[in-house]
Amino acid sequence: MRADNEIETPKDWRHKLIIRSKSQQLVKKNIIKKSRCANCQETKVIMAHLDYKSPYNVIFLCRKHYNNYRKKQKILSMANNISHVLHGT
């Protein structure tokens, strides 16, 4: 995986695809229990990865809360990248 100040590479994308696939298999095998949205209890949910180190590190969110979560992740990532550029790290 990449450091936070590096651009994602095809290798990173492949790693994410593998983790997503493993998570989906764990849900199908009922090892990970699909649940309601962690914020509003909606039943129609999307699996969101908190990080891609483990296929078990997921939460379930409805479309609205998933989109908000992704926006926040992108903003944090951009802010981190800007910080690294400004500070030369």
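Bear in mind the structure is a predicted one, so any value in this text is a computation, not a measurement.
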Is there a donor-acceptor pair under 3.5 Å between the side chain of S21 and the backbone N or O of L17? no

Do [X] and [Y] sit in one hydrophobic cluster, given that two such residues count as connected whenever their side-chain heavy atoms are within less than 4.5 Å of each other, even indirectly?
| X | Y | answer |
| --- | --- | --- |
| L50 | Y66 | yes |
| M47 | Y56 | yes |
| V45 | L26 | yes |

Under the side chain to side chain donor-acceptor pair (under 3.5 Å) test, residues paired with N57 that sit two or more places apart: D51

When rounded to the nearest 0.5 angstrom, what is the spacing between [atom1] in [X] and [atom2] in [Y]?
| X | Y | atom1 | atom2 | answer |
| --- | --- | --- | --- | --- |
| T43 | K34 | OG1 | NZ | 9.0 Å |
| C62 | R36 | SG | CZ | 12.0 Å |
| I31 | K22 | CD1 | NZ | 12.5 Å |

Quick one: which residue pairs count as a ring pair (Phe, Tyr, Trp, His ring centres under 6.0 Å) with a foot in residues 18-49, not counting sequence neighbours? H49-Y52

Can you name the closest pair of heavy atoms from S23 and V58 and give their distance? OG-CG1, 4.0 Å

Correct closest heavy-atom pair for L61 and A48 would be CD1-CB, 4.0 Å

With a 4.5 Å heavy-atom cut-off, do [X] and [Y] have their side chains touching?
| X | Y | value |
| --- | --- | --- |
| H65 | Y69 | no |
| K44 | R63 | no |
| H15 | K11 | no |
| K16 | D12 | no |
| F60 | I46 | no |

